[in-house]
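Following: one structure in structure tokens, then a few remarks.
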Amino acid sequence: MRAAVVKSLGQPPVAGELPEPTRGEGQALIEVKAAALNPFDLVVASGALYSPPPLPFAPGAEGVGVVVEGDRLSPGARVRFQGMAGALAERVAADEAGVIELNGDLPDEVVAGLGVAGMAALLALEWRAQLRRGETVLVLGATGVVGALAVQIAKILGAARVVAAGRDRDALSATREHGADATVQLDGQAPEQLGAEFQAAADGPVDVIVDAVWGVPAAAATYAAAPGARLVNIGQSAGPVAALPSAMVRSKLLTILGHTNLLAPPELRTAAFERLLDHVARGELSLPYETIPLAKVAEAWERQSHSPHRKLIVRVAES
Ligand SMILES: NC(=O)c1ccc[n+]([C@@H]2O[C@H](COP(=O)([O-])OP(=O)(O)OC[C@H]3O[C@@H](n4cnc5c(N)ncnc54)[C@H](OP(=O)(O)O)[C@@H]3O)[C@@H](O)[C@H]2O)c1
């Protein structure tokens with residue numbers, strides 16, 4: 001079958017051929033229509049953090065397709081699936097427990113790309129931070145896809161004011177179209193200075209920080225935190241270590257939370273995904289995306305490594 005093929009760890013996949021997958025017990029064989037690229041896929045294919053499948057393999061953690069054969073699922077069902085890898089291929093064997101049947105008629109691209117990023121944004125705000133209506137939210141890494149969705153979802157959940165922070169000037173100004181009330185450009189400021197800029201943009205201290213970057217911006221956000229604030233870390237684009245000042249953590253009664261979709265209860269993930277689809281269907285939430293043919297997967301992979309400012313969706317099926 002046609003697939004994006006990772007031949008050695010740390011190297012981009014190239015369009016090629018792989019053997020057909022074999023469906024195990026509790027799995028569905030799915031004909032893939034479209035699959036998304038996520039930073040997670042690059043980490044898996046680097047071999048640095050998770051155990052990747054044996055080489056050569058097709059990367060890709062999420063996608064949309066049609067069931068060919070399953071235990072619980074019937075042939076012909078249109079589904080969203082998720083796993084460690086395998087989505088960037090004509091067919092994938094996916095655990096049925098993580099497969100969600102789809103009802104609406106949203107485009108394959110939106111369904112394929114909304115899950116990982118959207119669930120991280122929604123679950124970080126609602127499940128981890130317990131955002132309350134009327135609170136102020138700061139999104140670090142708002143120029144990325146998770147951040148762009150977090151800005152919109154914070155508004156949907158009733159945030160009174162949302163501040164978007166990111167490096168890329170154009171992508172940052174686009175967050176205004178997603179509902180950001182103010183923006184702060186990350187431009188190498190020292191933590192205290194950056195914290196003051198966050199607070200000025202927020203018109204006061206911030207209650208919830210959704211942090212996709214860690215490093216200096218996360219440390220800076222502690223200066224802008226309100227008493228009782230919650231900082232939810234979901235990524236480390238700006239660095240794996242943040243020097244958080246104890247005085248800010250103590251004096252703000254700051255709660256620092258981690259979030260990974262992988263450890264959220266499956267029923268919570270499914271409910272979150274279905275709500276995300278509803279918000280998109282109602283026109284309240286939009287996923288910035290671009291469709292790429294499978295033949296150009298190596299190029300897309302390279303773009304994903306440098307923050308493409310939209311979800312890159314690989315069209316796997318020819319039609
Ligand atoms: N915990 C979870 O379950 C979960 C789920 C999804 C994603 N994530 C993580 O969340 C992060 C964002 O994911 P994404 O899908 O939004 O990725 P993305 O679309 O590729 O965006 C990357 C973001 O990181 C920013 N960035 C990159 N290098 C930076 C630096 N040195 N300093 C400051 N900002 C920097 C980019 O800012 P500019 O474009 O402005 O440079 C952009 O906002 C990733 O680390 C990803 O692994 C975690």
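In listed order, ligands and their atoms are each counted from 1.
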Checklist entry - Are any of the N/O atoms in Gly235 less than 3.5 Å from those in ligand 1? => result no
Checklist entry - So is Gly239 close enough to ligand 1, meaning a heavy atom under 4.0 angstrom away? => result no
Next on the checklist: Do the side chains of Glu290 and Lys311 get close enough for a salt bridge, i.e. N-O under 4.0 angstrom?
Outcome noted: no
Item to check | Positive for side chain to side chain contact (heavy atoms under 4.5 Å, CB included) with His306, one of Gln304, His309, Glu302 | outcome: Glu302
Next on the checklist: For a quick check under 3.5 Å, do Gln189 and Glu197 share a side-chain donor-acceptor pair by atom type?
Outcome noted: yes
Checklist entry - Which protein heavy atom lies closest to atom 5 (C) of ligand 1, and at what distance to 0.1 Å? => result Ala120 CB, 3.4 Å
Next on the checklist: Under a 3.5 Å threshold, yes or no: a donor from one side chain and an acceptor from the other, between Glu126 and Gln130?
Outcome noted: no
Item to check | Test item: Gln11 side-chain N/O and Lys7 main-chain N/O as donor-acceptor pair under 3.5 Å | outcome: no
Checklist entry - Hey, does Thr143 come in under 3.5 Å of ligand 1, counting only N/O atoms on both sides? => result yes
Checklist entry - Once you round to the nearest 0.5 Å, how far does NE2 of His279 lie from CG of Leu114? => result 10.5 Å
Item to check | Met119 contact mode with ligand 1 (heavy-atom cut-off under 4.0 Å) | outcome: neither
Next on the checklist: Considering Arg128, His259, Gln236, Arg167 one by one, which has a heavy atom nearer to atom 41 (O) of ligand 1 than any of the others?
Outcome noted: Arg167
Next on the checklist: Hydrogens and angles aside, do Arg167 and Gln185 bring a side-chain donor and acceptor to less than 3.5 Å of each other?
Outcome noted: no
Next on the checklist: How far is atom 3 (O) of ligand 1 from the closest protein heavy atom, and which atom is that?
Outcome noted: Asn261 N, 2.8 Å
Checklist entry - N/O of Val146 under 3.5 Å from N/O of ligand 1, yes or no? => result yes
Item to check | Contact check, Asn38 vs ligand 1, heavy-atom distance below 4.0 Å | outcome: no
Item to check | Exercise: do Gln27 and Asp71 side chains pair donor with acceptor under 3.5 Å | outcome: no
Checklist entry - Does the N or O separation between Val116 and ligand 1 drop below 3.5 Å for any pair? => result no
Checklist entry - Non-hydrogen atoms of Gln304 versus ligand 1: any pair closer than 4.0 Å? => result yes
Checklist entry - Checking side chain to side chain contact (heavy atoms under 4.5 Å, CB included) against Val64, which of Ile313, Val316, Leu102 comes through? => result Leu102
Next on the checklist: Would Gly166 count as a polar contact of ligand 1, with the cut-off being nitrogen or oxygen pairs under 3.5 Å?
Outcome noted: no
Checklist entry - What protein heavy atom is closest to atom 36 (C) of ligand 1, reported as residue, atom name and distance in Å? => result Ser307 OG, 3.5 Å
